[in-house]
Engineer: 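Pasting a structure below so you can have a look.
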There are 2 protein chains.
Amino acid sequence: MEEHLSARGRQILEAIIEDYIATAEPVGSRTITRRHPLSLSPATVRNVMADLEEMGFLASPHTSAGRIPTDKAYRFYVDSLLAVKNISRDEQEEIVRRCSLAGKDIGEVLQETSRMLSSASHYMGIVMAPRFGANVFRHMEFVKLGSRRILAILVSQNGTVQNRIIETDEGVSAADLTRMSNYLNDLLQGLTIAQVRKRLVEEMQSEKSRYDLLLAKALALSVKTLNEEDAQVFIEGQVNILDQPEFADVGRMKDIFRAFEKKNTILELLDRAMAAEGVQIFIGSESRLSGMPGMSMITSTYVTGQNTLGVLGVIGPTRMGYAKVIPIVDYTAKLVSRLLELE
Amino acid sequence: MEEHLSARGRQILEAIIEDYIATAEPVGSRTITRRHPLSLSPATVRNVMADLEEMGFLASPHTSAGRIPTDKAYRFYVDSLLAVKNISRDEQEEIVRRCSLAGKDIGEVLQETSRMLSSASHYMGIVMAPRFGANVFRHMEFVKLGSRRILAILVSQNGTVQNRIIETDEGVSAADLTRMSNYLNDLLQGLTIAQVRKRLVEEMQSEKSRYDLLLAKALALSVKTLNEEDAQVFIEGQVNILDQPEFADVGRMKDIFRAFEKKNTILELLDRAMAAEGVQIFIGSESRLSGMPGMSMITSTYVTGQNTLGVLGVIGPTRMGYAKVIPIVDYTAKLVSRLLELE
DNA sequence: GTTAGCACTCAACTGAAGCGAGTGCTAACC
DNA sequence: GGTTAGCACTCGCTTCAGTTGAGTGCTAAC
């Protein structure tokens with residue numbers, strides 16, 4: 001299998017991929033010559049196409065149909081052929097407009113970002129919220145709701161808030177709560193959440209907590225909160241992919257939706273994306289995570305300083321408008337990074 | 001149009017509805033006689049069916065198919081015919097198990113409740129979170145995140161937490177923040193959120209805030225937060241309805257999903273459900289809210305004391321297992337009411 | 001190396017035939 | 001007079017053969 005393509009081979013492959021991205025129909029030799037100024041006859045193109053098929057870049061659904069690009073072709077396209085478009089000023093402005101902190105909490109901002117990614121790309125937007133554990137402890141507060149019900153609020157450096165309801169057996173005074181939160185705030189100031197967790201466990205075994213049942217309970221609950229590792233993921237615009245012709249079949253559609261319902265498949269993928277920096281592209285079955293064959297994902301990490309906070313991106317069919325989507329994801333990731341910057 | 005059905009008429013109508021609920025196929029006269037012990041011949045049944053059709057209870061998709069119940073028939077069925085099943089102990093336990101406060105915040109509890117409703121009913125679960133505005137102010141807190149970024153946290157009596165990031169131009173000391181939150185907590189203690197809103201607006205126009213820019217900003221933001229009237233809705237288990245044969249058609253499916261994407265149609269309906277107390281049933285196009293023809297919704301309000309907090313329920317095709325779903329919704333609503341009780 | 005020509009393939013469409021579940025009507029039955 | 005058997009009729013669904021057309025591979029000529 002000769003891996004080196006001739007210039008003409010690349011040109012034709014590119015033409016086929018772009019046609020297929022545009023139409024979702026298998027593309028034939030005549031179509032190519034008609035739509036692209038190659039000054040070649042269909043017959044010649046056919047010869048080249050046969051070569052490309054042999055090399056694994058193309059596949060034919062059946063003898064008398066045109067050819068469609070394989071995942072390998074998309075990979076090659078993305079790596080070597082693709083000329084990423086620049087993002088237009090209008091698009092930039094739209095993105096900035098829709099991702100603002102103004103009057104929203106972090107969760108809402110990220111969800112809106114996901115919606116924006118979806119509508120800008122016409123595919124699905126996906127945003128993984130910062131893992132709480134990677135964060136720096138900022139503040140803890142207990143609020144009395146009823147006589148036996150207390151709300152614990154935990155704030156991290158980047159503005160993420162977690163809250164939990166604690167049920168107590170005996171009543172607690174407001175003064176007790178203040179004392180407790182002061183105590184814990186002192187104890188935990190400046191630690192990362194991971195360190196906080198460790199410290200809390202130590203504290204639970206200490207003398208002090210043995211005599212302070214409420215404190216013990218609060219500690220136990222805090223630890224539990226902190227252990228929660230299932231990062232939040234916002235997937236928006238699932239309707240968009242219903243418009244893609246490849247999902248016209250109901251069975252196919254069900255599979256996709258079901259795959260998204262249990263988010264752990266996606267999470268695994270996103271975790272991988274977290275590992276690398278910058279824009280990443282997962283094509284079709286490359287991401288061996290079965291769940292979603294025929295889908296591609298373009299992601300980018302968002303960061304503050306040297307900390308990777310999370311990942312965001314777009315999921316669509318392998319037949320995706322990479323040239324248009326890549327800069328959108330890139331720009332959005334940079335914007336979100338800036339928004340969440342500590343300072 | 002004779003509204004009074006004979007006993008036999010009712011019996012046959014019931015049989016048809018139940019068959020249709022079970023099979024989703026138009027049901028014919030022979031099927032009825034085979035599956036139900038009516039000791040009547042198909043011909044007789046046909047006569048009755050003709051009457052029922054004339055009265056508007058049945059419709060035939062075309063001459064040579066069986067008949068399907070109209071919305072009017074479902075209404076009649078639900079109001080007069082339906083024998084609501086009792087909820088089994090197992091189901092009860094499952095519901096209790098999945099709706100617990102343990103280690104979750106209110107939002108998570110409600111979302112999980114929605115998921116539970118979905119999987120218990122095999123349709124979609126829907127839960128509208130308590131409107132913040134109907135609540136009693138409990139606590140307000142400012143946390144410094146960076147030198148120019150402050151997090152405002154607002155807690156209401158029932159444990160709902162709202163938080164917003166405030167960007168400031170000049171730095172603020174931690175002491176300033178404590179002072180401010182003390183001031184506001186004093187000012188707002190015991191008021192309902194609606195009253196809080198009013199009070200804040202007054203405060204903004206007072207002398208004090210004119211000289212305290214940060215306070216002014218905080219006030220402005222709080223007001224904004226409080227104005228936010230778009231209640232949160234958790235709709236879960238949309239995949240479930242993909243299994244319903246009536247949505248096998250892609251176009252139909254798209255419509256539904258699109259209707260759920262913009263939640264305001266649903267919100268309008270839920271608002272109506274809020275007005276009444278207890279279990280409510282909306283059938284098909286009765287709920288003149290176009291968005292979702294062919295769908296029914298069973299809801300119930302959840303309350304604490306005499307305050308209606310929110311609504312929860314199940315959405316499915318009009319051809320829904322009412323007898324099974326109604327008690328599930330009812331039981332869940334009561335359980336959630338108990339969970340969120342102040343005391 | 002490129003191209004024109006040609007036989008061949010095969011999914012998609014079209015229309016006719018047959019099937020079968022179901023209906024409405026009529027006339028006989030209890 | 002309500003109930004039932006019988007029968008002609010309707011109409012969507014399936015099957016199947018025939019047709020169409022986009023596309024292919026091969027060969028021979030340019």
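Throughout, a chain's letter reflects where its sequence line sits, starting with A, and its residues are numbered from 1.
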Engineer: Taking any atom closer than 4.0 angstrom to a non-hydrogen atom of chain A, what span of DNA chain C does the protein reach, first nucleotide to last?
Structural biologist: C/dT2 to C/dA11
Engineer: As a check on the pairing definition, encode DNA chain D in dot-bracket form, counting Watson-Crick and G-U wobble pairs whose two distances are under 3.5 Å, and using | for partners outside this strand.
Structural biologist: ||||||||||||||||||||||||||||||
Engineer: Would you please say whether a donor-acceptor pair under 3.5 Å links the side chains of B/Ser118 and B/Asn240?
Structural biologist: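 Checked: B/Ser118/B/Asn240 side chains pair up, N/O donor to acceptor below 3.5 Å.
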Engineer: Going by heavy atoms in the side chains, are B/Met295 and B/Thr318 under 4.5 Å from each other?
Structural biologist: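 The answer is no; the side chains never approach within 4.5 Å.
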Engineer: With sequence neighbours excluded, what pairs up with B/Asp90 under the side-chain hydrogen bond (donor to acceptor under 3.5 Å, both in side chains) test?
Structural biologist: none
Engineer: With sequence neighbours excluded, what pairs up with A/Ser296 under the side-chain hydrogen bond (donor to acceptor under 3.5 Å, both in side chains) test?
Structural biologist: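 For A/Ser296, the residues satisfying side-chain hydrogen bond (donor to acceptor under 3.5 Å, both in side chains) (neighbours in sequence not counted) are A/Tyr322.
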Engineer: Flag the pair A/Thr265 / A/Leu269 as yes when at least one side-chain heavy-atom distance between them is below 4.5 Å, and no otherwise.
Structural biologist: no
Engineer: What side chain to side chain donor-acceptor pair (under 3.5 Å) pairs are there with at least one residue in residues 10-26 of chain B, not counting sequence neighbours?
Structural biologist: B/Glu18-B/Tyr77, B/Asp19-B/Arg35, B/Asp19-B/His36
Engineer: Salt bridge between B/Arg75 and B/Asp79, side-chain N to carboxylate O under 4.0 Å?
Structural biologist: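 A salt bridge links B/Arg75 with B/Asp79.
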Engineer: Could you tell me whether the side chain of A/Ile281 reaches within less than 4.5 Å of the side chain of A/Ile326, counting heavy atoms only?
Structural biologist: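 They are in side-chain contact.
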Engineer: Polar pairs (N or O, both sides) under 3.5 Å between protein and nucleotides 1-4 of chain D?
Structural biologist:
residue: D/dT3; atom: OP1; partner: B/Arg8; partner atom: NH1; Å: 2.6
residue: D/dT3; atom: OP2; partner: B/Arg8; partner atom: NH1; Å: 2.9
residue: D/dT3; atom: OP2; partner: B/Arg8; partner atom: NH2; Å: 2.8
residue: D/dT4; atom: OP2; partner: B/Ser41; partner atom: N; Å: 3.2
residue: D/dT4; atom: OP2; partner: B/Ser41; partner atom: OG; Å: 3.4
residue: D/dT4; atom: OP2; partner: B/Thr44; partner atom: OG1; Å: 2.5

Engineer: Considering only nitrogen or oxygen atoms on both sides, find all protein atoms under 3.5 Å from nucleotides 16-20 of chain D and state each distance.
Structural biologist:
none

Engineer: Decide yes or no for B/Glu91 and B/Tyr331: does some side-chain heavy atom of the first lie under 4.5 Å from some side-chain heavy atom of the second?
Structural biologist: no
Engineer: Is the closest side-chain donor-acceptor distance between B/Arg272 and B/Gln280 under 3.5 Å?
Structural biologist: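 Distance-only check fails for B/Arg272 and B/Gln280.
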Engineer: Quickly work out the A/Arg46 CZ to D/dA22 C1' distance and round it to whole Å.
Structural biologist: 11 Å
Engineer: Can a side-chain donor-acceptor contact be found between A/Arg98 and A/Ser119 if the only test is distance below 3.5 angstrom?
Structural biologist: yes
Engineer: Does atom CZ of A/Arg30 have more than 12 heavy-atom neighbours from other groups under 6.0 Å away?
Structural biologist: no
Engineer: Looking at side-chain heavy atoms only, is the closest gap between A/Ile241 and A/Ile256 below 4.5 Å?
Structural biologist: yes
Engineer: Show the atom names and distances, to 0.1 Å, of all donor-acceptor pairs under 3.5 Å that link a side chain in residues 57-68 of chain B to residues at least two apart or in another chain.
Structural biologist:
residue: B/Ser60; atom: OG; partner: B/Glu53; partner atom: OE2; Å: 3.1
residue: B/Arg67; atom: NE; partner: B/Glu53; partner atom: OE1; Å: 2.4
residue: B/Arg67; atom: NH2; partner: B/Glu53; partner atom: OE1; Å: 2.8

Engineer: In residues 58-66 of chain B, what residues come within less than 4.0 Å of DNA chain C, judged by heavy atoms?
Structural biologist: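 Listed by number, they are B/Thr63, B/Ser64, B/Ala65, B/Gly66.
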Engineer: Using side-chain hydrogen bond (donor to acceptor under 3.5 Å, both in side chains) as the criterion, list what pairs up with B/Ser29, not counting sequence neighbours.
Structural biologist: B/Arg46
Engineer: Salt bridge or not between B/Glu246 and B/Arg319? Use side-chain N to carboxylate O under 4.0 Å.
Structural biologist: yes
Engineer: So, using side-chain hydrogen bond (donor to acceptor under 3.5 Å, both in side chains) as the criterion, who are the partners of B/Asp243 when residues are at least two apart?
Structural biologist: A/Lys254, A/Arg258
Engineer: Below 4.0 angstrom, which residues in residues 15-31 of chain B have at least one non-hydrogen atom near DNA chain D?
Structural biologist: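 Going residue by residue through residues 15-31 of chain B, none turns out to have a heavy atom under 4.0 Å of DNA chain D.
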